Novice: 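Structure in structure tokens, see below.
Just so you know, residue 1 is the first one in the sequence shown, and it goes up from there. Just so it is clear, the structure is predicted and the values come from calculations on it, not from any experiment.
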Amino acid sequence: MSSGKYGSLIKQARKLENQNSGQEATIPDKAVNLSIKVPMSLRRHWVSEAKRQGTTLTAVITEALSHRFGQPETE
């Protein structure tokens with residue numbers, strides 16, 4: 001049925017889904033990449049400014065997105 005490169009991963013996911021049987025999954029939030037295309041000159045400027053201020057672009061972007069859109073509601 002599910003063979004190939006992702007077969008075992010799919011089987012594990014289905015097994016976890018069956019174990020939870022209607023309960024919300026307790027899988028912790030995993031960090032993932034968020035990619036955007038920007039001009040190289042802007043990226044260089046932003047990286048150098050972030051270093052100068054002792055922060056990272058990840059921290060700045062995360063803060064900006066949280067400020068703009070907020071955090072998801074949790075139950």
Side-chain angles (χ1 to χ4, degrees):
M1 178 178 242
S2 296
S3 61
K5 194 171 173 180
Y6 299 105
S8 63
L9 183 63
I10 292 170
K11 286 179 187 176
Q12 288 175 349
R14 285 185 181 148
K15 185 176 178 182
L16 180 61
E17 189 176 83
N18 290 338
Q19 287 176 351
N20 288 334
S21 64
Q23 297 175 7
E24 192 168 318
T26 56
I27 300 171
D29 246 354
K30 177 182 160 187
V32 296
N33 288 330
L34 175 66
S35 178
I36 60 171
K37 298 285 185 182
V38 296
M40 182 63 82
S41 59
L42 282 177
R43 182 182 180 278
R44 286 183 184 138
H45 171 71
W46 292 335
V47 168
S48 63
E49 285 300 314
K51 285 181 182 179
R52 213 179 331 271
Q53 295 181 20
T55 189
T56 63
L57 288 184
T58 298
V60 172
I61 293 167
T62 302
E63 180 184 343
L65 290 171
S66 293
H67 178 72
R68 175 76 183 257
F69 300 116
Q71 297 291 325
E73 294 180 16
T74 57
E75 293 179 10

Novice: To the closest 0.5 Å, what do you measure between OG1 (T58) and CD (E63)?
Specialist: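 It comes to 12.5 Å.
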Novice: So if you build clusters from Ile, Leu, Val, Met, Phe, Trp, Tyr with side-chain heavy-atom gaps below 4.5 Å, do V47 and L34 land together?
Specialist: yes
Novice: Distance from Q12 atom CD to L9 atom CG, nearest 0.5 Å?
Specialist: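 One gets 6.0 Å once the value is rounded to the nearest 0.5 Å.
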Novice: Do the non-hydrogen side-chain atoms of W46 and V38 ever get within less than 4.5 Å of each other?
Specialist: yes
Novice: Does E49, at its CD atom, have more than 12 non-hydrogen atoms belonging to other residues, nucleotides or ligands within less than 6.0 Å?
Specialist: yes
Novice: Would you say L57 ends up clustered with F69 if hydrophobic residues are merged whenever their side chains have heavy atoms under 4.5 Å apart, either directly or through other cluster members?
Specialist: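 F69 clusters together with L57.
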Novice: Looking at A59 and T55, what are the two nearest heavy atoms and their distance?
Specialist: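 Between these two residues, the closest heavy atoms are CB-OG1, 3.5 Å.
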